[in-house]
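Every value quoted in this text rests on a predicted model; they were computed, and no experiment measured them. The figures that follow rest on heavy atoms only: side chains count, while hydrogens, waters and symmetry mates do not. Quick note on labels: first sequence line is chain A, next is B, and so on, each numbered from 1.
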There are 2 protein chains.
Amino acid sequence: MSQHRHPGAPGRAGAVPTLPDLPEATVARLPEYLRALHNLADAGHETVSSEGLSAAAGVNSAKLRKDLSHLGSYGTRGVGYDVALLIEQIEYVLGLTQRRAVALVGVGNLGHALAGYDGFASRGFRIAALLDADPSRVGEEINGLVVRHVDDLPTVAAEESLAIGVIATPAAAAQQVADQLVAVGVTSILNFAPCVLSVPEGVDVRKVDLAIELQILSFHEHRKASLTALPATGGTALTALPGGFAATDTQEAIGT
Amino acid sequence: MSQHRHPGAPGRAGAVPTLPDLPEATVARLPEYLRALHNLADAGHETVSSEGLSAAAGVNSAKLRKDLSHLGSYGTRGVGYDVALLIEQIEYVLGLTQRRAVALVGVGNLGHALAGYDGFASRGFRIAALLDADPSRVGEEINGLVVRHVDDLPTVAAEESLAIGVIATPAAAAQQVADQLVAVGVTSILNFAPCVLSVPEGVDVRKVDLAIELQILSFHEHRKASLTALPATGGTALTALPGGFAATDTQEAIGT
DNA sequence: CGCGATTTGTGCACGTCTTCACAAGCGCCT
DNA sequence: AGGCGCTTGTGAAGACGTGCACAAATCGCG
């Protein structure tokens with residue numbers, strides 16, 4: 001159990017790609033670690049302790065160590081983790097060593113924003129095509145890409161190796177678009193439309209619903225409000241401790 | 001244990017607001033149930049079984065029943081749930097009976113889209129103000145609202161009862177904006193900037209990072225690809241079962 | 001070379017979430 | 001009224017995720 005490193009990662013010369021099957025919760029945090037690591041690297045740090053990295057990523061340090069231990073044993077006792085090596089490892093595990101092509105369907109309000117969002121490009125993705133069902137939108141140029149009709153999907157898929165699709169259409173159109181994406185071989189879908197998609201087995205769907213996030217916050221607001229009404233204490237029950245900000249002030253590497 | 005309904009909900013004539021403290025996982029699903037219920041109501045359904053509702057919301061029916069049981073005992077054995085009543089209950093618990101005012105800071109690419117997103121308005125929220133730090137953006141009118149300078153936050157907070165803030169700025173500005181929001185009394189923040197925020201105790205932060213979602217999908221792509229490479233079976237290992245779409249075809253009420 | 005300071009990696013216990021399976025309850029039909 | 005079929009609500013078990021606390025490992029220094 002001492003040092004089991006996973007093959008296929010550093011010298012990726014066709015080695016056997018034995019991906020450790022990570023817990024979902026860990027996978028969901030890896031991108032956050034990766035972002036924090038890039039910040040640290042930009043700030044000139046060569047190594048970082050689990051304490052420092054966990055603070056920058058906003059998690060518990062024990063959790064971070066356990067997460068990273070699932071990748072293998074990178075990191076030196078008494079020293080910390082090598083920033084560059086860890087970046088390489090996480091990017092490998094996340095499959096970011098190749099720049100994945102993404103098809104974005106639905107160039108409405110949100111689609112426009114996504115098309116212009118440089119966070120995709122800067123983190124390993126390339127928007128390969130913009131598609132829309134509305135003929136009046138076809139031909140429009142956004143950020144250097146021309147909007148094509150969604151029925152051109154097969155053509156697009158033939159040009160590019162499409163694995164990921166993003167749906168930013170109204171809910172009514174989402175299922176049909178999903179079917180079209182699946183038909184051309186897309187096996188991962190990021191869905192911004194507020195509806196449930198049914199897809200064949202083997203296709204992954206992640207959903208982002210902006211209104212849902214607000215509703216969750218609303219619940220906590222409601223709860224907080226109902227708490228202040230109850231207890232015998234005066235009024236300023238939850239206006240935070242007087243002096244201090246709670247979280248980790250180890251955000252050294254955030255600024256730019 | 002038979003029928004414990006929670007006071008303060010139906011006849012909300014100042015009754016004691018005893019919010020049951022729901023599990024976080026349940027809270028996160030309630031908005032999804034609510035959306036499905038609205039669809040069912042629009043389609044004319046008066047009642048719905050846990051089976052039907054869970055299918056429309058894309059979850060396990062046992063999970064749905066347990067979730068709803070946390071709210072109290074609405075629903076009739078042998079019949080199902082009264083759609084209208086359940087909507088009322090969930091909206092009450094989520095604190096959506098009042099239309100909450102939201103301040104949106106950062107009117108860039110994403111901020112524009114959010115300002116124009118009608119999903120907020122249709123689900124209980126009202127964008128009360130658009131703010132930006134860039135003077136050249138101040139004064140611009142978006143969707144009937146004029147962009148004001150972020151330093152006007154105190155004024156805005158004085159006009160409106162602000163509890164929720166949305167941050168759609170670049171990462172470098174997010175912490176400062178969060179501080180300003182907290183300073184004027186905001187206790188819930190939805191953060192779209194890719195960074196960790198430190199806030200005082202009692203303030204809730206939820207984060208949405210579009211790139212992270214893609215990276216999680218990328219991991220699963222990577223894993224799927226490495227799986228097809230390994231097993232002795234031919235090639236079409238994961239191209240789904242021949243005939244059938246996996247999920248719940250009980251999406252009757254989705255279309256519109 | 002040995003020792004102390006430091007930090008990783010992990011066994012273990014705990015809490016939360018999920019899922020099954022079934023008793024209790026309700027309505028309808030005869 | 002009684003019985004039957006259907007559906008909710010929930011106990012219990014298992015899976016999963018979290019966090020503590022500490023042994024093992026490494027570095028630097030005298």
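- Distance CG/B/Leu210 to CG/B/Leu214: 8.0 Å, rounded to 0.5 Å.
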| request: Begin with the C-alpha distance, continue with both residues' side-chain angles, and end with the deciding distance and a verdict on salt bridge (Lys or Arg N to Asp or Glu O under 4.0 Å) for B/Lys224 and B/Glu221. | output: CA-CA 5 Å; B/Lys224 280 186 270 189; B/Glu221 278 302 314; 3.5 Å; yes
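- Place A/Arg29 and A/Thr76 on DNA chain D by their nearest nucleotides, and A/Arg29 ends up nearer the 5' end.
- Rounded to a whole Å, the CG atom of A/Leu53 is 12 Å from the P atom of C/dG9.
- Atom CZ of B/Arg65 is separated from atom C1' of D/dA12 by 15 Å (rounded to the nearest Å).
- When only modelled atom types and interatomic distance are considered, A/Asp67 and A/Thr26 share a side-chain donor-acceptor pair under 3.5 Å.
- Checked by distance alone, A/Lys66 brings no side-chain donor or acceptor within 3.5 Å of a matching partner on the base of D/dG17.
- A salt bridge does not link A/Arg223 to B/Asp204: none of the charged side-chain nitrogens sits closer than 4.0 Å to a carboxylate oxygen.
- Listed nucleotides D/dA21, D/dT10, D/dG19 differ in distance to B/Ser69; the shortest reach to its side chain belongs to D/dT10.
- Computed from coordinates, the A/Tyr74 OH to D/dA25 P distance equals 19 Å when rounded to whole Å.
- For A/Ala25, whose side chain is taken as the heavy atoms from C-beta onward, the closest listed nucleotide among D/dA21, D/dT18, C/dG27 is D/dT18.
- With hydrogens and angles ignored, no donor-acceptor pair under 3.5 angstrom links the side chain of A/Arg77 to the base of C/dT7.
- Using a 4.0 Å cut-off between charged nitrogen and carboxylate oxygen, B/Glu32 and A/Lys207 count as a salt-bridge pair.
- Nucleotide C/dC17 holds its P atom 8 Å from the CD atom of B/Glu24, rounded to whole Å.
- For B/Ser73 and D/dG9, the shortest distance from a side-chain N or O to OP1 or OP2 is below 4.0 Å.
- Distances were taken from every side-chain heavy atom of A/Ala62 (C-beta onward) to each of D/dG9, D/dG19, C/dG27; the shortest belongs to D/dG19.
- Look at CG on A/Leu64: it is 12 Å from P on D/dG19, rounded to the nearest Å.
- Whole-Å rounding puts the A/Asp21 CG to D/dC16 C1' distance at 14 Å.
- Here A/Ser50 does not reach the OP1 or OP2 of C/dT7: none of its side-chain N or O atoms lies under 4.0 Å away.
- In this entry the distance linking CG of B/Leu71 with C1' of D/dT10 reads 15 Å, nearest Å.
- Between D/dG9 and B/Tyr81, a contact under 4.0 Å exists linking OP1 or OP2 to a side-chain N or O.
- Of the candidates D/dG19, C/dT18, C/dG9, the closest approach to any side-chain atom of A/Asn60 belongs to D/dG19.
- Look at NZ on B/Lys63: it is 20 Å from P on D/dG11, rounded to the nearest Å.
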